[in-house]
Protein chains: 2
Amino acid sequence: MRYPWWQHRLYKAGYRLTNPRQVVINILKNTDKHLSAEDIYVDSLKINSSIGLTTVYRTLDLFQQIGIVQKFDFGEGKARYELIKNPIKKEHHHHIICVKCKEIVDYTDFLNEELELINKTEKALSEKYQFKILHHTVHFYGMCSKCQAT
Amino acid sequence: MRYPWWQHRLYKAGYRLTNPRQVVINILKNTDKHLSAEDIYVDSLKINSSIGLTTVYRTLDLFQQIGIVQKFDFGEGKARYELIKNPIKKEHHHHIICVKCKEIVDYTDFLNEELELINKTEKALSEKYQFKILHHTVHFYGMCSKCQAT
DNA sequence: ATTGACAATGAAAATCATTATCAATAATAG
DNA sequence: CTATTATTGATAATGATTTTCATTGTCAAT
């Protein structure tokens, strides 16, 4: 394929390639953090100072719908976004979230053991419920050591 | 124990038993839906017309922190709440969410197969990352059949 | 039963992430 | 290169959640 995978997805779904979309992709590609729309907007201004926050929101929403980006809600009152990682690759991870201070810990333990189950589940669910599944999340919620002390 | 489990948790964590808290618990106990704060507020008015929306929010947040209630963010722009279900019991379930129309499907398939892995993971994570884990979520995101057609 | 300390409440205003509106601009087809 | 649309950006609007603060309720100790 002559285009990057995400560009393929854009075209295949009938959307155009624009500068704001490239900028957002690049920002996400170059971080391993979970960025909020605001974070991405601020970063995007460094590259193209005319990009609007609205466009960032629209772009992230679009990317999420065509399966380029994963949207996370950790209960902070705002969403965070990440490029979808291949579950087979190392970058794939899950999260532990403190219900009090909202600290987020990424973990990669047991992902191999989980992979088979997830694949099996994903396959069965997409047939049974007629969903085209794009990605999944596993979140453990609890209280971090600091907040337990309080 | 002479008190219901949730009441124990309240007292153990140093909180008082109040009418609004009882009302919120009762509403959650008598539904299998994922209610929003507003939903719960509306229902609570039928029981005690002087309860405020603010208190509902505060109560849900408190319950979430002491492990009575599970807070869900399905990406609708508002949170939903549910009493924590015992993973061993039948009521425990996970979710499939349409990234476009936000339809939420509960599923209980493969939960038995999952149980062992979840328990093992939960134990290991709580030791490794020093979290007191209260509950977990598994979400599959995709596009429902209706939205695929559009 | 009464009281005092302080947790909890409710009303209203404030905050803040996200979305709608709409005229201007840019990307692709032909 | 031009026409046709998708896309954009500025702004205003929305709506869920939080803050503030004066009032009230809970519970342990009288």
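All chains are named by letter (A, B, ...) in the order of the sequence lines, taking the proteins before the strands, and each is independently numbered beginning at 1. Note that the coordinates shown come from a computational prediction; the quantities given were computed from them, not determined experimentally. Below, each value reflects all heavy atoms present in this structure, side chains not excepted, and no hydrogens, waters or symmetry copies.
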Exactly one of H34(A), E103(A), K102(A) clears side-chain contact (heavy atoms from CB on, under 4.5 Å) with F74(A), and that residue is H34(A)

When rounded to whole Å, the CG to P distance for the pair D39(A) and dC16(C) reads 15 Å

Whole angstroms only, please: what is the CZ-C1' distance between R21(B) and dG10(C)? 14 Å

Can you check the Q22(A) CD to dT7(D) P distance for me, whole Å? 14 Å

Given protein heavy atoms under 4.0 Å, the one-letter contact record of nucleotides 9-14 of chain D, with B base, S sugar-phosphate only and - none, is simply BBB---

Note: for G14(B) and G77(B) on DNA chain C, the residue whose nearest nucleotide lies more 5' is G14(B)

Phosphate OP1/OP2 of dT17(D) contacted by Y57(B) side-chain N/O (<4.0 Å): yes

Minimum side-chain heavy-atom gap T55(B)-Y57(B) below 4.5 Å: no

Could you state the atom-to-atom distance from CG of D61(B) to P of dA16(D) in whole Å? 17 Å

For E76(B) and dT18(C), give me the distance from atom CD to atom P, rounded to whole Å. 14 Å

Establish, yes or no, whether a centroid distance under 6.0 Å links the rings of H136(A) and H95(B). no

Is the shortest heavy-atom distance from the side chain of L83(B) to the side chain of Q70(B) under 4.5 Å? no

Could you tell me whether R58(A) and D61(A) have a side-chain N and a carboxylate O separated by less than 4.0 Å? no

May I ask you to test the I96(B)-F131(A) pair for a side-chain heavy-atom distance under 4.5 Å? yes

At under 4.0 Å between heavy atoms, which parts of nucleotides 23-30 of chain D does protein reach? Answer with one letter per nucleotide, 5' to 3': B base, S sugar-phosphate only, - none. --BBS---

Taking CD from Q64(A) and P from dT18(C), how many angstroms apart are they, rounded to a whole number? 12 Å

State, with a plain yes or no, whether a side-chain heavy atom of D73(A) is found less than 4.5 Å away from one of F72(B). no

Rounded to whole Å, please give me the gap between CZ in F74(A) and P in dT17(D). 18 Å

How long is the line joining CG of L62(A) and C1' of dT19(C), in whole Å? 16 Å

SB check E82(B) K33(B) (cutoff 4.0 Å): no

State, with a plain yes or no, whether a side-chain heavy atom of K85(A) is found less than 4.5 Å away from one of H135(A). no

